[in-house]
Structure formats: structure tokens, C-alpha cells
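Counting convention: from 1, in listed order, for ligands and their atoms alike.
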Amino acid sequence: MTSLDDTSKVRADYTAESITVLEGLEPVRMRPGMYIGSTGSTGLHHLVWEVVDNAVDEAMAGHCDHIVVSLMADGSVEVVDNGRGIPVDEHPSYPGKSAAEVVLTVLHAGGKFGGGGYKVSGGLHGVGVSVVNALSSRLELEIDRGGKTYKMSFADGGNVEKALEAVGKSSKREHGTTVRFWPDGTVFDETDFRAQTVLERLQIMAFLNKGLRIDFRDLREGKSSAESFCYSGGIIDFVNHLNSSKESLFKKVGYFSAAEESQEVEIAFQWNTGYYESIHSFANGIATIDGGMHEEGFKKALTTAINKYARSRGLLKEKDDNLQGEDVREGLSAIISVRLTDPQFEGQTKGRLGNVSIRSLVERSSNERLGEWMEENPKEAVLITQKAILAARSRLAAKHARDLTRRKSALEGAGLPGKLVDCSSKSAAESEIFIVEGNSAGGSAKDARDPRTQAILPIRGKILNVERARVDKMLKNQEIMALVAAIGAGIADDFDVTKIRYHKVIILADADVDGSHIRTLLLTFFFRQMQALVEGGYVYVAQPPLYSTRVGKSKIYLKDDAAKARFLVDNPNHKEEFQRLKGLGEMDFDELRDTTMDATKRSLLQISVEQAALADEVCSVLMGEDVELRRRFIQTNAKDVRFLDI
Ligand code: 0RA
């Protein structure tokens, strides 16, 4: 029984005279949201997707290889394809009406009527071109089929203005359809199309339909632009595109496809050296941003396949735990594209594919083909497995470190780093920790402190470059771990600012270039791993003075050159020499106390998020992975390549 018969059956069932039977396209105009989601910008663009999907359906059926989408100067949109052309003969169920008229004026008549032809079609958008007609103030149709060109036009939401007529011999193309529509300004909140939105979708359509050329033209006033998308590699090109700004783990992109009677799957995958996973999945060309059964099937199979490989090659030993999904997907870029007859889009935003049958197909085929692929590409397989093993180690190390910092309840003082000279106060609000560069400075700081409220943590040398290191490495670094344990509030996602043991975390480093380097690294670390600490205003930089001089019997300290100049203006007869204080380590403990640590005399700089972010940026550029960025930065700042001057 066809859907058209269904409609008449439902109508025959209506008995109550109070029920108004909606005719033709009326329901669409009454409740546009039901058909295209909204009458805002998203709904407006749905009109384009609908027509393009119909053309792409022709391509999927193997009858079309070129689509041109134009945003016209008069506000209309034109979609030209070289598919079979909408049938023009009389429709069997609608005596006297052409099939084209039925497709454009009967709901759900879409591409599916006539029994044959379409295996699958864009589910969500597959409401039919008649919906586009219903929501347009005007629609023009031109069909080339059987050597002839036919024309037809509609006005005001799908009323036939000019019946279908043959206007001559086909000259421009052998066969195909041109739909041009003017979105109805009385239906939509706005009728301005956004070129970028259209472009992005067309590019994805081109990636998902290997070999299909899709041209885009923006012919609106002042906006002229044109793009052409065609990918001979299909989703393999898509994966390369995703990875283009990253460093791939190996050149090859993995690919396989599988099909059953009413559903098919196509998957391309590659790994990069990064730590994020980016899997994009589609069902009938529609993005499933919340994943669903197809993604589940692939993920499960991938984890199984890599574990199996790792065991069979002895890369994972008997005593080792299995690799987890997140381990094997670290750095993975993949496209999963499925086509099926009756896609079920679920969830609040309809972004999840719910068909259980597709999970089975994807999982079965992935199990088989991923295993084969790894056998055939041993170099790549080993690289992937090693990366996954590293990821697993990193995950375990991170968990271990988090557990450790969690367990070591700060106030008990258990597990505090040996190098920490803690204060006796248990009140975080009045406690301070000085992170001091170098052991000798640490020594004088210990003598100079107020033992009740001031703690000292000496750190040695340059701490690890947190930008380049991965979490597990960072957590193995003694200086970092001492810092994390001393502050006592965890790290990264686990960082809990309410648990910090000191309300002032003070960086105490020399005023020279090395000191500035240490400050930049520490601030970067705080910005990245303890952001709430910076946001809460708990991070400070101590400012030891640059100069000292004698006035009578007492010694006075001057913060910087400006302070020295001011002093000389105020004391024109000052004859004593100025001493430039070199390093913290060279100061006596009382000197350090009076200038830098004594809360009544010192000057502290409270670090803002902006300053920390800047440190992070300087760090990223100077020490990050992007060699090119670093080269450019150094070239453009050649006069003054220094670390952040805080
Ligand atoms: C109904 C049946 C067939 C194709 C189409 C509609 C069709 C619709 C659109 C909309 C834009 N471009 C289109 N191209 C085709 C099947 C035709 C056949 O079996 O020959």
C-alpha cells in the first residue's frame, strides 16, 4: 500500500464534521516548525538542504555527478543537478496531473513514490521538496528529461501558476532538474542566507559522496564568491582535511566499507600525535553530533581489535590490563558514514542515531576489517598500539597521582613533600607558601620567614615545560608533584580550590632572565592546571628589590630604577654607593625578610588571569610544538626575545 493510499484511508475515517481536513500543502503553512524545525535561520537553511538532498539522492543512486547551488541576487536560491530529472508523465494516482506537479504539491510524495529507485534518502530533511514549495512565495522548476525541456511555476506557497509544459529540446544538459525558490518572507523571521553555513554543508556533502562535484556561487550584490568541492577520495579526503593542521602518526588513512541489504557503512580513520579524539559520524549524510549506534559499534570493535593485536604481538603482556576505549582513541580522527532506509534520530536535538541494526553491521564489519587492516599494515598497527599503551600508562599515572593527592589530606600533613618547610598555622586564610628558586635562596627564606604563617617550598632549576609535556610526564616530575602536594587541592579536573592550604601562593625568583623564565613556567602551570587558583587571586609574585644603599647606619632598599631615581631626587646630597642586589641567594636572611617576605614591608604583585594567560601564550609560542609559529614569533620579536617580564 502506498503512502498516498494511506492518506485517503485516514480521510475516509474522519466522521465528525467538526474536523477540518487539511488539503494539500496547507498543514505545512499552518505549522512550518513541524516540518523544518523553526522559522528562524535554521529553518530557512533547511529549505536549501531539502532541495540539495534530493539532488544528492540522485547522485547516490548513480544518476548525478554535478550539483550547482547559487544564492541569487534577487534573494532566491537555485539548485541545478544533472540527475534523472523529476518524472513528467501523468501520475497514476492523480489523473490529469504530472508526476512533477505531484512531487511539488503533495506532502511526502518526495523521491519515494513509484515503488522503485530509492534505497535510502536523507531522513531528517527528507520531508520532500513540496515543503520547500509550501514555504516559498515563488518556485520555478525546469526539467530536462527524454530529450525535452519542461517548465513549471508555483506561487504563494505552492499554487500552480503555470502548468508543466514542454518548451523545447534539451540543449544545456541531457537530463536533470533545476529548482529555484524564493523563501516566503511572511513565513520566515529572516530570509537572508548565510554563505558560510551553506558552504560548510556543501563541502561535507561532497566529502560524503565521493566524486560528486558541488559548486557554490554567491551572486548576491557585493558578495560575489564561488567555491567548488569534489573529492575523489571521499571520506579519506575528509580525514586528511581534519588532520591537515596536525601532525599525523603515519601517512596512510585507513578505510573500509560494508553493506547489507538495506544498510551500508563506510569508515575512514587516522591517528595524529595529539591527545584528542575527533570522530564525526553521519547517517544518510546528516551529522549525528551525539553519536549513536554506528559510533558505538565502531568504538567497541576498535578497542577489541587493538587489544587483540597488542596481545598477539606481545605488546601487552599477560599481566597487563586491557587497553580502554579512551586509550585507543587518543589522537584518532575518524569519519563514520552510514546509509540506511529508516534512520531513527533520537534525543533532544535529534543528533543520535538509534537504529540497533546498524550497530551490529558496523561492529561486525569493523571487527573483521580493522583486524585485516592491522595485519596488512604492521608498521602503522604497531605505532597505534604503542600510542594507546602510552595513553593507558598516562591515564593510570594521572589517576594514581590524583588518588595520591586526594588521599593525602592536607591538614593531616601526611605525605607532604620532604622539601616543604611548612608553617604551623592550620588556617589557610592566613597561610602563605613561598615557591623559591634554588636551594641557597631556600635556605635564607627558611630563616627569614615567619614560621607561624609562612611555608617555604624550594624548587630546583627549571621546572618541566608544562606546555610540551603530557599529563603523566608532568605528574612524574618531582618539582611539580611537590608543588601539587604542598598546595593540597589536586590538579587539573580534580583541582578543588576550596582545599588549598595557603591563600597566598607566592613565586619568589630572581629579578634576572632565569628568574623570569621560572616565573613564566610556574604561571603557565597554574594557568593550565590550577586555573581556579589564579582566578581566585591566590597567586602572587614577590618583588625583591634591585638596589640597596646606606643612609647613616641603616640600609634601605629600592625596588627598581624608578625607585632609585626618585630616591636621588628626594636625597640630592646622598653620597653612598648603590649596590645592585644580584640574586636571592646572595641576600642575608634579614635582608630577604625586610625586603621581600615581611608582610608589613614587602611588595607583592597579585597575578590576574590575563597575566597568567599571557605567560601561557609566551610559553606556548616559545616552547610549544609549533615550530613554524615559534620561528615567526622569534623573527618578529627578534630584538627582545625574553620571557614574560613580570
Ligand atoms: C521523483 C522520482 C524520481 C526523481 C525525483 C523525484 C527527483 C527529485 C528531485 C529534486 C531535485 N532534483 C531531483 N531529481 C530527481 C525518480 C526518477 C526516475 O525514476 O526516473
Inset, instruction - Classify the contact between Asp57 and ligand 1 as side chain, backbone, both or neither, using a heavy-atom distance cut-off of under 4.0 Å. - result: neither
Inset, instruction - May I ask you to check if ligand 1 and Glu58 share an N or O to N or O distance below 3.5 Å? - result: no
Legend entry - Side-chain donor-acceptor contact under 3.5 Å, Gln344 with Asn355: no
Legend entry - Arg145-ligand 1 polar pair, N/O distance under 3.5 Å: yes
Legend entry - Under 3.5 Å side-chain donor-acceptor pair for Thr149 and Arg173: no
Legend entry - Phe269 ring center within less than 6.0 Å of Trp373 ring center: yes
Legend entry - Pairwise side-chain contact, Val198 with Phe216, heavy-atom cut-off 4.5 Å (strictly under): yes
Inset, instruction - With heavy atoms of Asn54 as the reference, note each atom of ligand 1 found under 4.0 Å away. - result: 9 (C), 10 (C), 11 (C)
Inset, instruction - For the pair Ser394 (side chain) and Leu390 (backbone), establish whether a donor and an acceptor sit closer than 3.5 Å, ignoring hydrogens and angles. - result: no
Legend entry - Contact atoms of ligand 1, heavy-atom distance to Pro87 under 4.0 Å: 1 (C), 2 (C), 3 (C), 17 (C)
